[in-house]
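Heads up: the structure comes next, in C-alpha cells.
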Protein chains: 2
Amino acid sequence: MRRGYCHRHGQAYGPCSCSLGRMTRLVEPLILSLLARGEARYGYEILERANAESLTDSPIDAAVVYRTLHVLEQAGCVTSTWQPGAGAPQRRMYEITPEGRQHLQDWVTVLERHAKALQSFVTRSPGGGGE
Amino acid sequence: MRRGYCHRHGQAYGPCSCSLGRMTRLVEPLILSLLARGEARYGYEILERANAESLTDSPIDAAVVYRTLHVLEQAGCVTSTWQPGAGAPQRRMYEITPEGRQHLQDWVTVLERHAKALQSFVTRSPGGGGE
DNA sequence: CGTGCTATATGTAGTACGCATATAGCAACG
DNA sequence: CGTTGCTATATGCGTACTACATATAGCACG
C-alpha cells in the first residue's frame, strides 16, 4: 500500500490487507482454531481451509503453515503422527493438546481485544463508520 | 506469547498483543488519523497520543514514529516545517496532504474489513464470543 | 552541574517474510 | 511412455522489518 495500492495483487485490487504485514502471525491461532474445531487435521488441509476463511486478503504461504506447525509441536501445542497415504502422499496428522487449547484461548482473548480496538479506531477516523 | 505470556511485559501481564508483532505497521494509519483529526501535529505529540489511544498493548517505539513520518513525507502523504522552539526544543510540524487523506481512507477500508474478519474469527473459535 | 524532560534522529543485530525450490507418489492424458 | 498436474511436506535464502540502544540538544529544576 506504499503508493495506495497493493504491490502484490496489482493496481486493480484496491486497498489490501497485505499492507498489514505479518499476517502470518495469524496463522498460528488459525491453525489452532481449525484443529480445535476439527475442521482440518494436516498441513495441506489447514492451508486450504485457512485460505477459504481468509482472515487476510492474500493467500497464505504453505511454508508458513508447515513451519508454524513445527513450532507449535515443539511448543507442545500440537502432536503429530505420520499416516501412510493410501493412494496418496503420506500425511502428517495433527492433534491439538490441552496446552494448545490454552494457547488458542490466549490468542482469542488478544484478538478479541484487538478487533475492538481496531473497530474503535476506524470509527474515530475520518472516512470510517463514525460519521 | 511463545510460552503463553508476553516476553516483554513479564509473566503477570496475561495475553498480550505483543504477539501480534508488527503492530508498528498500524503506526502509519495512526499518525495519519491523528493528523487528519488535528489531535497531534508533531512527532513527540503523536507518540504520546498514540500511546494513549493504544491500539496495541505495548508502548509505541519513538523510532518507529519518526521513521514513519519520514516515509510518509517522502510518499507525499504529509508535509513538514520546522518551528523554532520558544523555551523548548524545535519541533517539526506536520500537515496531512490530500494524498495522505486518501491513503488514510485506504487504510480505514482495510482495517474495517480486517476488524470484521477478526471478530468473525474469534466468534467462530472455541472460547470466543460465539458460544 | 547533574538529572530529567522535551524533541528529533540514527545505528544495528537479529529475525521474520515471502518467494523459490526440492522431493515424491499417483493419476490422467495423448 | 513421457509429461503435466495434483496432493503433500519441507527447506533455502535475500531482503526488509523490528526492537532496542544510542546520539544530540535546549531548557528547567534543585
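All values reported here derive from a predicted model rather than from experimental measurement. Convention: sequence-line order gives letters A, B, ...; per-chain numbering from 1.
- Residue B/S80 holds its OG atom at 4.0 Å from CZ of B/R92, rounded to the nearest 0.5 Å.
- The stretch residues 42-50 of chain B does not touch DNA chain D, since none of its heavy atoms comes less than 4.0 Å from the strand.
- No contact: A/A62 has no heavy atom under 4.0 Å from any strand.
- Between the side chain of A/R25 and the base of C/dG18, no donor-acceptor pair of N or O atoms lies under 3.5 Å.
- The distance from the CD atom of B/Q74 to the CG atom of B/L69 is 11.5 Å, given to the nearest 0.5 Å.
- Residues passing the side-chain contact (heavy atoms from CB on, under 4.5 Å) test with B/E95, sequence neighbours excluded: B/T79.
- If you check the side chains of A/R124 and A/S120, you find a donor sitting under 3.5 Å from an acceptor.
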Could you write out each protein N or O paired with an N or O of nucleotides 24-26 of chain D at a distance under 3.5 Å?
none

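- For the pair B/R92 and C/dT8, the criterion of a side-chain N or O lying under 4.0 Å from OP1 or OP2 is not met.
- Annotation: side chain of B/S125 is not in contact with side chain of A/P29 (no heavy-atom distance under 4.5 Å).
- Between the CG atom of A/D61 and the P atom of D/dC13 there is a distance of 17 Å, given to the nearest Å.
- Evaluation of the salt bridge (charged side-chain N to carboxylate O under 4.0 Å, His left out) rule for B/R37 yields B/E39, B/E53 as partners, not counting sequence neighbours.
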Under 3.5 Å, sequence neighbours excluded: what are the donor-acceptor pairs made by side chains of residues 60-68 of chain A?
{"from": "A/D61", "atom 1": "OD1", "to": "A/A63", "atom 2": "N", "distance (Å)": "3.2"}
{"from": "A/T68", "atom 1": "OG1", "to": "A/V64", "atom 2": "O", "distance (Å)": "2.6"}

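- Residues forming a salt bridge (charged side-chain N to carboxylate O under 4.0 Å, His left out) with B/E48 (at least two apart in sequence, or on another chain): none.
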